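Here's the structure, in structure tokens; my notes come after.
Since this is a predicted model, take the numbers as computed values, not measurements. Labels below follow one simple rule: chain letters A, B, ... track the order of the sequence lines, proteins then strands, and each chain is numbered from 1.
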Amino acid sequence: AQKITQTQPGMFVQEKEAVTLDCTYDTSDPSYGLFWYKQPSSGEMIFLIYQGSYDQQNATEGRYSLNFQKARKSANLVISASQLGDSAMYFCAMREPLGGNKLVFGAGTILRVKS
Amino acid sequence: KAGVTQTPRYLIKTRGQQVTLSCSPISGHRSVSWYQQTPGQGLQFLFEYFSETQRNKGNFPGRFSGRQFSNSRSEMNVSTLELGDSALYLCASSAITGTGAEQFFGPGTRLTVL
């Protein structure tokens, strides 16, 4: 069964600095997709970035980039130039092959940005 | 373009009752997925509907059911509520299924079972 591990329950970062949130995954399928979502205290899940297993380049979306290391089965999220509004819970998720849109989520990392 | 809407936003029920939650996807989206989020179990997949057909189902008891209408709106029903059903229920919509298509989440329905 697919599994997502986020080993950092909580992280602090100084405003304007970069931060890396860790995510490792476990799957035996060659085809899969990896997602990062942000969940503010309001509860809504906000899509940040997507990486397909066959994508040759690391995904980037504005201040977000995904450090995809396939051999190590890791998909770390890098947030550059942190802002106070980045304070939230961050989830890594994997879409199962042949599972439609089903996502398997990690436990999440709480990020707090300090001014 | 309107986002995903969920109603109601908050709900309080007592054990043994049943509840129906509604999710209206983004216009044109045909896939709706439901998730349960609790502090203890995290985010867990309930089911996905695509073009009115259940595409996939998570590991939940039969008390949890869902359906999708021809306009892609989806409902989920929980019968014989238990205290452990207290959770944030999130739905996500997507234009298609089974690819890297972005899934857009709604604000959630927070259910409290007393």
Side-chain angles (χ1 to χ4, degrees), chain A residues 1-7 9-10 23 29-59 61-62 64 66 68 75 88-110, chain B residues 3-6 8-10 23 25-26 29-51 53-60 66 68 72 74 87-111:
Chain A
Q2 284 75 12
K3 186 178 178 182
I4 295 285
T5 303
Q6 294 180 254
T7 57
C23 172
D29 292 288
S31 177
Y32 51 88
L34 296 159
F35 299 77
W36 276 93
Y37 282 89
K38 170 185 177 181
Q39 187 178 42
S41 56
S42 60
E44 186 167 355
M45 299 284 281
I46 302 167
F47 168 80
L48 296 177
I49 198 165
Y50 166 80
Q51 180 84 44
S53 61
Y54 294 118
D55 293 345
Q56 294 297 312
Q57 295 191 343
N58 288 345
E61 289 284 352
Y64 305 106
L66 201 152
F68 182 46
M89 178 74 92
Y90 288 80
F91 291 97
C92 179
M94 182 185 334
R95 179 184 55 81
E96 292 188 330
L98 304 179
N101 281 337
K102 174 182 177 179
L103 295 176
V104 176
F105 284 87
T109 296
I110 300 175
Chain B
V4 179
T5 58
Q6 291 187 247
R9 293 292 312 278
Y10 301 91
C23 173
I26 291 172
H29 283 194
R30 295 160 61 192
S31 167
V32 174
S33 300
W34 288 89
Y35 293 84
Q36 181 197 64
Q37 185 176 24
T38 60
Q41 299 298 317
L43 279 150
Q44 293 185 288
F45 172 80
L46 282 156
F47 27 65
E48 179 196 359
Y49 285 87
F50 182 78
S51 294
T53 301
Q54 189 177 83
R55 179 75 167 75
N56 206 342
K57 191 177 189 304
N59 189 24
F60 277 83
Q68 187 179 34
S72 293
S74 177
L88 178 66
Y89 290 88
L90 294 160
C91 79
S93 86
S94 182
I96 51 179
T97 185
T99 72
E102 182 178 342
Q103 295 187 51
F104 297 84
F105 280 79
T109 293
R110 189 166 295 280
L111 172 65

Margin query: Heavy-atom cut-off 4.5 Å, strictly under: side chain, backbone, both or neither for Q51(A) against chain B?
Written below: neither
Check: Pick from Q37(B), Q44(B), Q6(B): which one has the most heavy-atom pairs with chain A under 4.5 Å?
Finding: Q37(B)
Note to self: Quiz question: by atom type and distance under 3.5 Å, do the side chains of N101(A) and S31(B) form a donor-acceptor pair?
What the structure shows: yes
Checklist line | Part of F50(B) lying under 4.5 Å from any heavy atom of chain A | finding: neither
Notebook entry, point to check: Closest heavy-atom contact between K102(A) and E48(B)?
Noted result: N-OE1, 4.2 Å
Checklist line | N/O donor-acceptor pair under 3.5 Å between Y37(A) side chain and F105(B) backbone | finding: no
Checklist line | F91(A) portion near chain B, given a 4.5 angstrom heavy-atom threshold | finding: side chain
Checklist line | M89(A) side, atom CE; L43(B) side, atom CG - distance, nearest 0.5 Å | finding: 9.0 Å
